[in-house]
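Computed from a predicted structure; not experimentally measured. In what follows, chains are A, B, ... by sequence order, proteins preceding strands, each numbered from 1. Hydrogens, waters and symmetry mates play no part in the numbers below; they use all other heavy atoms, side chains included.
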Amino acid sequence: MKKAIKTPKKTVKKVTVYDPAKIEKKWQKKWTSSKLYKTTENKKKEKFYALDMFPYPSGEGLHVGHPKGYIATDVISRFQRMNGKSVLHPMGFDAFGLPAENYALKTKTNPADAVKKNVAYFKKQLEIIGLDYDWSREVNTTDPKYYKWTQWIFLQLLKKGLAYESYEPINWCPSCKTGLANEDIEDGRCERCSTLVEKKPLRQWVLRITDYAERLLNDLDLKDSSGKTLLDWPESIKELQRNWIGRSEGALVKFPIINDQGSSNSSEKKLGEVEVFTTRPDTLFGVTYVVLAPESHLTSELLASIQNKEEVEGYITRAKQETEIQRTDATKEKTGVQLKSVFVVNPANQEKVSVWISDYVLADYGTGAVMAVPAHDDRDWDFAKKYGLPIKTVITPLFTRAGEEDAWRPNEPEIKRPVVVCLVKHWSEDKYLFLRKKIVDKATVAIAGGIDGEDLIEAGKREIREESGYKNAKFIKHLGDPVYYRFYSVVGKQNRISDLKPLLFQLINDEREEISKEENEQHDSVWLSPNEIDEYLKGRPFNEIFWNRLNGKDQPYIHNGILINSEKSNGKDSESAKKEIVEFVRGKLVTKYKLRDWVFSRQRYWGEPMPIVHCQNCALKEYKNQAKITLNFYFKEIWEALKDGTKTVETRALNPDEPNRYFGNLALGDIIHCTFKTKKATEELLFRIKSKKIYKTFQELFDDKSTINKLSRKTYKSVIELEKSYAFTPDYVERIKKNGLIAWEIEPVTIAVPVPEKDLPVILPKVKSYEPTGTGESPLAAITKWVNTKCPSCKGKAKRETNTMPQWAGSSWYYLRYEDPKNKKQLVNPKTEKYWSSVDLYVGGAEHATRHLIYARFWHKFLYDTGVVSTVEPFKKLQHVGLVMGEDGRKMSKRFGNIINPDEVVKTYGADSLRVYEMFMGPFDQQIAWNTPSMVGSRRFIERVWKLKEKIAKNISDSDLKNIDRIVHKTTKKVTDDIETMRFNTAISSLMILVNEIEKSLSITKGQYEILLQLLAPFAPHATEELWAQLGNKKSIHISKWPEYNASLAVDNEVTIMVQVNSKIRGSFMAETNISKEDMEKKAQEVPEVKKWLENKKIVKIIVVPNRLVNLVVV
RNA sequence: GCCCGAGUGGUGGAACUGGUAUACACGCACGACUUAAAAUCGUGUCCCUCUGGGAUGUGGGUUCGAUUCCCACCUCGGGCACCA
């Protein structure tokens, strides 16, 4: 019969039922009213700053995946608080950006209102989970009090020359109608809407993040004074950032350009130089042509001097039409066009090589031009094969035999000798002759032998005859350049480097002679089919190369090796030859990065306005003498039309007084100086040419609503009048019909004047329609009242910058504002900053590795340089949350209908169960599928802890006391360690084990129970707080002192020692902890189950692992 | 193609530095309580040809001993991708 130990009937204690709904609400209220989690800078205490990646408050609210990271930081910050630290654990909202704007567009609301509503909902959702945020420190990126400082940082960047305006074509998403940064593109598509990204010429604000590339890269490995790595980040994320920054060391080398028409009378004309960037200057002697990017400025400059101008122009046009994704598809066949009659000279060997353009060369990396070495580069190889360009080998592979008896021995002398390698084809079948060695490694090898001053082919024939006996081999062909192979000659007792020269032979017939005794002792001849050869070639790389050459499958050799055909550098290894060759051709060693400058403006409404004013007057002063042409205007209407900003002007018609000065040779970006003469005054302005269109007639020009519809009707009329009247001689009309009318789209040349810091923030104005315009202009441009302003510098009329900042702006520094969120005078008070910085733990999704985390590091370093922050890196420890997938294993998304709402879960199971489950489901950083049925385990666990209260007794048996004490110490150690290392799942598992153990015993002390509650408190704050209070504690459990453990008490006093016989477990025995080695050996042999395995055997060895096992090796 | 990371019962997963593989939990089966169900509690639960043998994606290697270290391969996940 079992004893009724669970609930003795005599205890008529009132048993409260665990009702999470009730107690959770109760405690959340109490915590808020008592300001339990209010953060203070307590100089006496050590600080701990735990940070979550703040959420984007979308309309959908949270799903159960979101809180996973928040719960983790919550557990840790509660743990740190109990350990006596001053904890900063804040929360805020990253609410600018496209989703909020699109959501508002869809629901026809103002984004500001939508954000307000969503934030309120998010906060409510977060609150019911019982997170310990100090909401008095909440930040919101869309709050003018906050973005004032985002704008302030931008101004500091501008001041230091790290923000600049660029006119380079940028990535444009036609669906989101905005420009994008490199980081916002995935596979050539917009990261947000998956639309193909286009290139669009657009004025952009760009941040010079590349100036920080080196530091961003190097500081990933920053060490403190004791040599410990400063950034405790997952190695994978560091690697991701390293790849993204993409440092490569190489050299810039100049190739002089010459013009050679090919005819005998024309002399070679110098046309400047092509500068290329290469990481392999060691292959310079192997350059057989040079390739320019189609968009390269050099290409357009050379256009005038080439014969096939039209063909080249056609190629450039086609290249421009291709989308980014088509262009950068590495698998597509390479295309290109030669620039005929233009050549460059290889500075290494003065060889004249051809020049090509191809879209496999990127304009914006390196110099936009590459030297092609087809023998040692995959891309050049493909291109050269397609266009029949020469391939010149300058690096020969050097293979080193490793692992076997014949492995190359680094410290022994070596000799080099030429060796002929013979691939011998069968006289009738598709088989090849090989030798199977009888000695050393018994490998199958090709017939080969040293040649001593002999003719190569004759030496081959001789080797075939000597080694296989076949007499009539016919030479077929050479199999390309030699390969070096170094090994240890067991027979010759020395290192050898063979200069392997491959030849192909075929036997005419089977006539064979007797082979010598020595040869016969070494190997047999075998005939192998191609399949068998493929099999045996594994691990014989040089033979593989020869075999591939024979089958026409040869490939470029892109690795390091020994230089050949490289004049003075012959015989050097490629790594050491690099510097020498760069010096020889007077090149320059440089470092390049893949990282591009950060395109920082968006043509959308919902973002921080840039604190910039564009002033034309100031520009006039600055750039007047840079104008290419001066125009005089007399027409009032046109002046009216022009002065408003970007307009389309048909230049010829507008300049009747100077009919000969038309603008066919102006280029995009050129500056025009315009003088406007009205009756009253003369005004001057500068315009820049923005784009070009050609029309056949005026009518066509007028009909093109896209460009001309901004001109007033009066202007149309006056231009039409012109056509009818004096401006057009028949000759001129002819010319228009032939060449078309050129219409330039122009824009005013302005100077960007920063808004003075005292005038910040520049408030985002309310606007009726914030639909994106799609023209490259922000919707803000339509708000004339806001746009037209005074220039802070000259006080004249000026216009505001209408682009807004990208979503990443506000999130690049928000963690600093939490430290001092209400400061009106400073971004953050330096003293406060010093106390809290850096963030001790940063938790969030891995998807931010190459954007937010790089941008924030960049801004932080900049702020460090500016003296705003005191540390070089913002985040000391970074931890990634593994995604929570839907129950179907797919990403949680409305689309799949697999979203689990935490509110529902809390309703049925309680917040504590949700928290315990999320921490218990698996390793924190691993992706995992949600499984609601599994949640009952967590709920059961909390209920069991709840019921355990009944076991508290005053009189407790000594053995129980000691036993439970031991487990309590053990668990305390485990939970403490596991929280610190964020292995929450095993922390909870050990708590479960503790609970199981306690259940087995009759009773526990109040103290033991309290420790259990404290250990569980970070995970289940409500239930533990309630039980803690029920025990009579007056102060919150969450500010109680974290239990300490005694390591010696945490160790079991008895251990199970396993006994193995020949590494197989045969038995075990119990022993005191730290039993001596000798005793273990002795006791092991006495175990009955073990004894029978020892019968008639001799123990030859005993391996003892203290406190664990004994292994008896017997024979 | 290149660079990371991961593959363990029916499921999520555990295993310190090479030393009892499958802790903890879910599920399942059986039992107790109950008129019954739920809840709860208890017992069992890797496989097989079972005095023993075999299993940590596959195949090798190092070792007295490998989930753990090395080599090759397969699958999945993530990142980068014509970066010269």
Between [N] and [M], how many Å separate the two [atom1] atoms, rounded to a whole number?
N      : M      : atom1 : result
B:rG10 : B:rG5  : P     : 29 Å
B:rU63 : B:rU58 : P     : 23 Å
B:rU35 : B:rU45 : P     : 32 Å
B:rG65 : B:rG53 : P     : 16 Å
B:rA84 : B:rC3  : P     : 14 Å
B:rU8  : B:rC30 : P     : 29 Å
B:rG52 : B:rG60 : P     : 27 Å
B:rC28 : B:rC76 : P     : 31 Å

Report the distance from atom [atom1] of [X] to atom [atom2] of [N], rounded to the nearest whole Å.
X      : N      : atom1 : atom2 : result
A:E239 : B:rA81 : CD    : C1'   : 15 Å
A:L220 : B:rC3  : CG    : P     : 19 Å
A:W946 : B:rU40 : CH2   : P     : 17 Å
A:D382 : B:rA84 : CG    : P     : 16 Å
A:N243 : B:rG5  : CG    : C1'   : 14 Å
A:Y18  : B:rU40 : OH    : C1'   : 17 Å
A:K238 : B:rG5  : NZ    : C1'   : 16 Å
A:E999 : B:rC24 : CD    : C1'   : 14 Å

For a quick check of understanding: with a heavy-atom distance under 4.0 Å over all strands, which category does [X] fall into, base, sugar-phosphate or nothing?
X      : value
A:S989 : base
A:W381 : nothing
A:R596 : base
A:N996 : sugar-phosphate
A:R983 : nothing
A:V276 : nothing
A:R940 : sugar-phosphate
A:P923 : sugar-phosphate

Considering non-hydrogen atoms only, spot the tightest contact between A:P294 and A:Y315 and give its length.
-> CG-CE2, 4.0 Å

Sugar-phosphate or base contact per nucleotide [nucleotides 63-76 of chain B; S, B, -; heavy atom under 4.0 Å] = -BS-----------

Would you verify whether the NZ or CZ of A:K392 falls within 45 degrees of the ring axis of A:F285 while also being under 6.0 Å from that six-membered ring's centre?
-> no

What nucleotide among [options] has an atom nearest to a side-chain atom of [X]?
X       : options                : value
A:W244  : B:rA21, B:rA25, B:rC80 : B:rC80
A:T850  : B:rU20, B:rC41, B:rC80 : B:rC80
A:V936  : B:rC26, B:rC3, B:rA21  : B:rC26
A:T1056 : B:rU20, B:rA25, B:rA84 : B:rU20
A:Y360  : B:rC4, B:rC82, B:rG13  : B:rC82
A:V361  : B:rG53, B:rA84, B:rC82 : B:rA84

By nearest-heavy-atom nucleotide on RNA chain B, the more 5' of A:D380 and A:V1105 is A:V1105

Select from A:D364 and A:L1109 the residue whose nearest nucleotide in RNA chain B is closer to the 5' end of that strand.
-> A:L1109

Show the distances under 3.5 angstrom between N or O atoms of the protein and N or O atoms of nucleotides 8-12 of chain B.
| from | atom 1 | to | atom 2 | distance (Å) |
| --- | --- | --- | --- | --- |
| B:rG12 | O2' | A:M921 | O | 2.5 |

Can you name the residues that form a side-chain hydrogen bond (donor to acceptor under 3.5 Å, both in side chains) with A:S1063, not counting sequence neighbours?
-> A:N1111

Please name all residues satisfying side-chain contact (heavy atoms from CB on, under 4.5 Å) with [X], sequence neighbours left out, ordered by chain then number.
X       : value
A:P923  : A:D925, A:Q926, A:N985
A:R1108 : A:V1105
A:K588  : A:L252, A:V590
A:R966  : A:N963, A:D1052, A:N1053

What's the base orientation of B:rG9: syn (chi within 90° of 0) or anti?
-> syn

Please collect all side chain to side chain donor-acceptor pair (under 3.5 Å) contacts where either partner lies in residues 1088-1104 of chain A, sequence neighbours excluded, each pair once.
-> none

Can you tell me which residue pairs pass the salt bridge (Lys or Arg N to Asp or Glu O under 4.0 Å) test with a partner in residues 356-370 of chain A, sequence neighbours excluded?
-> A:K332-A:D359, A:D364-A:R596

If the cut-off is 4.0 Å, is [X] near the phosphate of [N], judged by side-chain N/O to OP1 or OP2?
X       : N      : value
A:R1066 : B:rG53 : yes
A:S248  : B:rA84 : yes
A:N985  : B:rA14 : yes

Between the protein and nucleotides 48-50 of chain B, which nitrogen or oxygen pairs are less than 3.5 angstrom apart?
none

Cationic N near anionic O, under 4.0 Å, A:D977 to A:R983 | no

Salt bridge check: are A:D382 and A:K386 linked by an N-O gap of less than 4.0 Å?
-> no

Check if the side chain of A:R1108 and the base of B:rC16 share a donor-acceptor pair of N or O atoms closer than 3.5 Å.
-> yes

Report yes if a donor N or O on one partner sits less than 3.5 Å from an acceptor N or O on the other, where the partners are the side chain of A:K334 and the base of B:rC82; otherwise report no.
-> yes

Yes or no on side chain to side chain contact (heavy atoms under 4.5 Å, CB included) for A:K1077 and A:I1102, after CA distance, side-chain angles and deciding distance?
-> CA-CA 10 Å; A:K1077 212 175 160 180; A:I1102 303 179; over 6 Å; no

Sequence neighbours excluded, which residues qualify as salt bridge (charged side-chain N to carboxylate O under 4.0 Å, His left out) partners of A:D282?
-> A:R280

Sequence neighbours excluded, the answer for salt bridge (charged side-chain N to carboxylate O under 4.0 Å, His left out) partners of A:D554 is none

Pair A:F383 + A:Y289: ring centers closer than 6.0 Å | yes

